[in-house]
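Below: the structure, in structure tokens.
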Amino acid sequence: MRVVVHTDDADTWCQALARRLPDAEVVTSEAAGDAPADYLAVWKPPASLFEGQSRLKGIVNLGAGVDALLHNPGLPRGVPIVKLRDAGMAPLMADYVRFGVLYFQRDFDRYFAQQTHGTWREQPLIDKADWPIGVLGLGAIGAHVARALAEDGFPVHGWSRSAKSLDGVTCHHGEAGLSELLAGVRTLVTLLPDTDSTRGIVNAGTLSRLPEGATLINPGRGSLIDEAALLDALGPGDKEGRLRGALLDAFTEEPLPRDNPLWAHPRVRITPHMAAPTPVRDAADQVAELIRALDAGEDVETIDPGAGY
Ligand code: NDP
């Protein structure tokens with residue numbers, strides 16, 4: 001069996017996979033030459049990687065979001081695609097979202113703004129129980145984050161495409177469920193995939209349904225957010241708008257262009273798509289197991305290209 005790996009840090013991945021698949025030949029795309037692969041393990045591969053792949057039996061996406069892969073013009077039809085599910089990313093994401101929630105709930109945004117004027121003023125404490133959070137997307141990562149926040153003592157509402165039941169989380173689905181969720185949350189967390197039905201889901205209409213002073217955390221995908229509507233809801237830099245602030249990790253164009261107004265907005269915090277990098281050690285176990293199961297003809301949950309995630 002030949003496994004070709006294409007990602008940053010492909011050497012580390014090859015070593016990790018070779019240890020877990022001792023009967024396989026595991027090589028980087030650079031070293032692979034023209035010989036075709038049985039399995040590709042990839043993150044954002046060039047379209048040319050798919051050329052001449054005459055015996056491909058499966059593609060493993062080395063991340064949770066498959067949007068880049070599904071938009072790849074070279075992607076062959078009919079080859080099963082699998083993606084990472086949690087694989088160590090969910091706890092990292094929970095840390096990121098916790099940071100964001102506490103940043104607003106404990107008023108760090110206001111304290112850091114006060115610091116620029118040398119103002120010593122304690123803000124009134126708001127109890128976690130009075131800080132409802134909405135998590136859009138209850139997948140492998142979203143569900144973990146929702147549960148973690150609920151365990152921390154926040155009332156948590158989650159939203160997904162299909163109906164779900166999660167301990168400690170009030171679950172919603174469908175359009176009516178979204179309206180119900182939006183009306184009552186102080187922080188909205190977006191952990192949806194980028195698909196035709198989620199693109200621009202946080203738009204002027206969505207933002208206007210959030211309570212005054214709500215906050216946004218987007219580690220999902222940049223395309224979920226209508227940036228112009230977000231800036232409008234945030235209002236001018238010197239006065240809190242309807243939306244109090246935003247913590248953003250993912251953007252439509254990455255790196256975020258230097259002239260994007262989000263960089264300069266005083267109530268926007270920006271991180272460079274670092275919320276939950278794929279941890280090679282945990283993920284390699286899952287990738288090796290997926291390849292083994294695909295090769296053994298076992299039932300494996302594959303991506304539905306129609307749904308887009
Ligand atoms: P999953 O694919 O496991 O889950 C996606 C969730 O979104 C599911 O609950 C699904 O509903 C829901 N969903 C999809 N479409 C809709 C829709 N139209 N309406 C309502 N709900 C919908 O994803 P993960 O939880 O693993 O990851 C979520 C996203 O986080 C990834 O797609 C990726 O974009 C992003 N990510 C970002 C990282 C970063 O570092 N910034 C790192 C890792 C991931 P249902 O359950 O009904 O199918």
Side-chain angles (χ1 to χ4, degrees), residues 7-8 43-44 60-71 81-100 134-149 156-166 169-182 188-203 206 216-225 246-252 254-256 269-280 282-283 286 290 300-309:
T7 182
D8 292 345
W43 181 245
K44 298 189 176 168
V60 185
N61 186 61
L62 295 177
V66 288
D67 41 306
L69 183 62
L70 294 182
H71 290 132
I81 302 171
V82 291
K83 68 178 174 189
L84 295 183
R85 295 178 196 271
D86 178 354
M89 287 179 278
L92 294 172
M93 188 63 86
D95 287 347
Y96 182 90
V97 173
R98 274 192 178 114
F99 164 80
V135 179
L136 304 189
L138 294 175
I141 295 175
H144 179 97
V145 169
R147 272 196 227 99
L149 294 168
V156 180
H157 296 257
W159 187 67
S160 53
R161 204 157 66 115
S162 55
K164 286 221 165 4
S165 159
L166 280 182
V169 177
T170 309
C171 294
H172 308 258
H173 67 283
E175 202 35 55
L178 180 61
S179 290
E180 224 177 297
L181 177 150
L182 290 172
L188 182 69
V189 182
T190 40
L191 277 167
L192 291 162
D194 166 63
T195 71
D196 290 346
S197 49
T198 61
R199 226 157 281 140
I201 197 161
V202 179
N203 51 38
T206 323
L216 173 72
I217 300 175
N218 178 33
R221 281 292 179 265
S223 62
L224 304 173
I225 313 289
L247 169 65
L248 309 172
D249 187 55
F251 303 88
T252 319
E254 294 181 357
L256 184 64
R269 297 277 80 94
I270 286 173
T271 51
H273 205 134
M274 48 57 79
T278 306
V280 178
D282 293 350
Q286 194 172 108
L290 284 166
V300 174
E301 195 174 349
T302 56
I303 299 303
D304 168 4
Y309 67 102

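All residue numbers in this chain count up from 1 along the given sequence. Every number for a ligand or one of its atoms is a count from 1 in the order of the listing.
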So which heavy atom in the protein is nearest [atom], and how far is it from that ligand atom?
atom: atom 6 (C) of ligand 1; result: Gly139 N, 3.6 Å
atom: atom 38 (C) of ligand 1; result: Met93 CE, 3.5 Å
atom: atom 16 (C) of ligand 1; result: Arg161 CD, 3.7 Å
atom: atom 37 (C) of ligand 1; result: Pro219 O, 3.1 Å
atom: atom 13 (N) of ligand 1; result: Leu192 CD2, 3.6 Å

Is [Y] close to [X] at the side-chain level, that is, under 4.5 Å between some pair of heavy atoms?
X: Ile225; Y: Phe251; answer: no
X: Val135; Y: Val156; answer: yes
X: Met89; Y: Thr278; answer: yes
X: Val82; Y: Asn61; answer: no

Using a strict cut-off of 4.0 Å, indicate which atoms of ligand 1 neighbour a heavy atom of [X].
X: Gly142; value: 25 (O)
X: Ala276; value: 39 (C), 40 (O), 42 (C)
X: Ser197; value: 18 (N)
X: Asp249; value: 39 (C), 40 (O), 41 (N)
X: Gly220; value: 34 (O), 35 (C), 37 (C)
X: Lys83; value: 1 (P), 2 (O)
X: Pro193; value: 5 (C), 7 (O), 14 (C), 32 (O)
X: Lys164; value: 45 (P), 46 (O), 47 (O)

Test side chain to side chain contact (heavy atoms under 4.5 Å, CB included) on Leu224 and Arg199; report intermediate values, then the result.
CA-CA 5 Å; Leu224 304 173; Arg199 226 157 281 140; over 6 Å; no
Any luck finding a side-chain donor-acceptor pair between Thr195 and Ser197 under 3.5 Å?
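Per modelled atom types, Thr195 and Ser197 side chains form a pair under 3.5 Å.
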Can a side-chain donor-acceptor contact be found between Tyr309 and Thr198 if the only test is distance below 3.5 angstrom?
no
Please confirm whether [X] approaches ligand 1 to less than 4.0 Å, judged on its heavy atoms.
X: Thr195; value: no
X: Ala250; value: no
X: Arg221; value: yes
X: His173; value: no

Among Val145, Ile141, Asp249, Leu92, exactly one meets side chain to side chain contact (heavy atoms under 4.5 Å, CB included) together with Val97. Which residue is that?
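It is Val145; the other options fail the test.
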Picking from Leu138, Leu191, Thr190, Ile201, what satisfies side chain to side chain contact (heavy atoms under 4.5 Å, CB included) with Trp159?
Ile201
Using a 3.5 Å cut-off on N or O atoms only, is [X] in polar contact with ligand 1?
X: Asp86; result: no
X: Ala140; result: yes
X: Leu191; result: no
X: Ala64; result: no
X: Gly137; result: no
X: Gly65; result: no
X: Leu138; result: yes
X: Asp194; result: no

When you measure from atom 26 (O) of ligand 1 to each heavy atom in Leu248, Ile141, Thr271, which option holds the nearest one?
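The residue whose heavy atom sits nearest atom 26 (O) of ligand 1 is Ile141.
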Pick, from Tyr96, Trp159, Tyr309, the option with the minimum heavy-atom distance to atom 48 (O) of ligand 1.
Tyr309
Backbone N/O of Arg221 and side chain of Asp194: donor-acceptor pair under 3.5 Å:
no
Donor-acceptor pair, distance only, cut-off 3.5 Å: does the side chain of Thr170 make one with the backbone of His157?
no
With side chain to side chain contact (heavy atoms under 4.5 Å, CB included) as the test, would you mind laying out the steps for Leu149 and Arg98 before giving the verdict?
CA-CA 7 Å; Leu149 294 168; Arg98 274 192 178 114; 4.3 Å; yes
Derivation of the side chain to side chain contact (heavy atoms under 4.5 Å, CB included) call for Leu247 and Asn218:
CA-CA 6 Å; Leu247 169 65; Asn218 178 33; over 6 Å; no
Using ring-ring contact (aromatic ring centres under 6.0 Å, His included) as the criterion, list what pairs up with His144, not counting sequence neighbours.
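For His144 there are no ring-ring contact (aromatic ring centres under 6.0 Å, His included) partners, ignoring immediate neighbours.
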Is there a side chain to side chain contact (heavy atoms under 4.5 Å, CB included) between Leu188 and Leu136 once you walk through the steps?
CA-CA 8 Å; Leu188 182 69; Leu136 304 189; 3.8 Å; yes
Can we say Arg85 and Glu301 salt-bridge, meaning some charged N sits less than 4.0 Å from an Asp/Glu carboxylate O?
yes
